[in-house]
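What follows is a set of notes on a single structure, which appears directly below.
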Amino acid sequence: QVQLVESGGGLVQAGGSLRLSCAASGSIFSTTAMRWYRQAPGKLRELVAQTTNGQLTNYADFVEGRFTISRDNAKNMVYLQMNSLKPEDTAVYFCNADIIIARTLAPGNYWGQGTQVTVSS
């Protein structure tokens, strides 16, 4: 089985920074795309950023150059460095990944449990 575990969330003042981490573990053959989503209370879950296995990245328009997604393929980890945080960035942030399971080589899409980010004004 595969697990994604996020960490690094917390409470920060507007203008501050946080770095989220997500570790994928389990019976992993390879990890292709890795993503960060977020969901604010009463709103739909939305894509924040994604990175492919080839290190291509793209971001939601609301990021406006403030966030950087990166990954460590050897460790099956993905990170989200968030700078210049705004109160409207307050949400639960979820890690998501496309993973090919070892032994069966079955592809699948997996989610973490989420980590809370709260930005105070």
Side-chain angles (χ1 to χ4, degrees):
Q1 193 56 279
V2 170
Q3 278 191 319
L4 299 181
V5 178
E6 302 98 334
S7 61
L11 173 64
V12 64
Q13 288 188 331
S17 298
L18 283 174
R19 187 186 191 224
L20 305 182
S21 300
C22 172
S25 63
S27 184
I28 297 172
F29 176 76
S30 68
T31 303
T32 53
M34 302 187 82
R35 308 172 187 89
W36 287 98
Y37 283 79
R38 71 184 188 183
Q39 187 167 18
K43 295 189 176 182
L44 296 175
R45 192 170 297 188
E46 59 185 354
L47 179 65
V48 177
Q50 71 174 353
T51 176
T52 68
N53 199 29
Q55 306 295 332
L56 294 176
T57 60
N58 58 64
Y59 298 90
D61 290 343
F62 60 75
V63 169
E64 299 175 324
R66 301 177 296 127
F67 299 174
T68 302
I69 189 170
S70 61
R71 62 189 289 170
D72 184 333
N73 290 329
K75 297 180 179 179
N76 286 320
M77 294 197 67
V78 64
Y79 308 95
L80 186 68
Q81 176 67 42
M82 304 187 294
N83 300 325
S84 303
L85 283 161
K86 306 174 182 180
E88 50 264 44
D89 294 317
T90 295
V92 178
Y93 283 71
F94 296 90
C95 178
N96 173 268
D98 296 331
I99 294 174
I100 297 175
I101 301 300
R103 186 171 60 85
T104 65
L105 299 184
N109 183 263
Y110 297 86
W111 290 90
Q113 82 289 348
T115 185
Q116 177 70 47
V117 171
T118 303
V119 185
S120 63
S121 57

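Positions are given from 1, in the same order as the sequence printed here.
Residues that satisfy the side-chain hydrogen bond (donor to acceptor under 3.5 Å, both in side chains) test with Glu88, not counting sequence neighbours, are absent from this structure. Scanning for side-chain hydrogen bond (donor to acceptor under 3.5 Å, both in side chains) contacts around Thr31 gives Asn76, with sequence neighbours left out. In this structure, the side chain to side chain contact (heavy atoms under 4.5 Å, CB included) partners of Leu105, at least two apart in sequence or on a different chain, are Phe29, Ile100. Shown here are the side-chain hydrogen bond (donor to acceptor under 3.5 Å, both in side chains) partners of Glu64, two or more places apart in sequence or in another chain: Lys86. In this view, Lys75 satisfies the side-chain hydrogen bond (donor to acceptor under 3.5 Å, both in side chains) rule with no residue, not counting sequence neighbours. Remark: Ser121 engages Pro87 in a side chain to side chain contact (heavy atoms under 4.5 Å, CB included) (not counting sequence neighbours).
Expressed to the nearest 0.5 Å, how far OH of Tyr59 lies from CG of Leu80 amounts to 7.5 Å. Going from atom CZ of Arg38 over to atom NZ of Lys43 covers 8.0 Å, rounded to the nearest 0.5 Å. Distance check: Leu47 CG to Asn96 CG gives 8.5 Å after rounding to the nearest 0.5 Å.
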Solution key, residues 2-9 side-chain donor-acceptor pairs under 3.5 Å, sequence neighbours excluded:
{"unit_1": "Glu6", "atom_1": "OE1", "unit_2": "Gln113", "atom_2": "N", "d": "3.0"}
{"unit_1": "Glu6", "atom_1": "OE1", "unit_2": "Gln113", "atom_2": "NE2", "d": "3.3"}
{"unit_1": "Glu6", "atom_1": "OE1", "unit_2": "Gly114", "atom_2": "N", "d": "2.9"}
{"unit_1": "Glu6", "atom_1": "OE2", "unit_2": "Cys95", "atom_2": "N", "d": "2.7"}
{"unit_1": "Glu6", "atom_1": "OE2", "unit_2": "Gly114", "atom_2": "N", "d": "3.2"}

Validation: residues 11-23 side-chain donor-acceptor distances under 3.5 Å, sequence neighbours left out:
{"unit_1": "Ser17", "atom_1": "OG", "unit_2": "Asn83", "atom_2": "OD1", "d": "2.9"}

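Criterion: ILVMFWY side-chain heavy atoms under 4.5 Å apart, direct or through other members. Under it, Met82 and Val119 are part of a common hydrophobic cluster. Val92 and Ile69 fall into different hydrophobic clusters, defined by Ile, Leu, Val, Met, Phe, Trp and Tyr side-chain heavy atoms under 4.5 Å apart, directly or through other members.
The ring-ring contact (aromatic ring centres under 6.0 Å, His included) contacts involving residues 61-98 comprise nothing, where partners must be two or more places apart or lie in separate chains. Screening residues 102-121 for ring-ring contact (aromatic ring centres under 6.0 Å, His included), with sequence neighbours left out, gives Tyr37-Trp111. The list of salt bridge (charged side-chain N to carboxylate O under 4.0 Å, His left out) pairs with a residue in residues 21-36, not counting sequence neighbours, reads Arg35-Asp98. Counting only residues at least two apart or in different chains, ring-ring contact (aromatic ring centres under 6.0 Å, His included) contacts with residues 5-24 are absent.
Counting heavy atoms from C-beta outward, Arg66 and Asp89 have side chains that approach closer than 4.5 Å.
Nearest heavy atoms, Arg71 versus Thr51: NH1-O, 3.3 Å.
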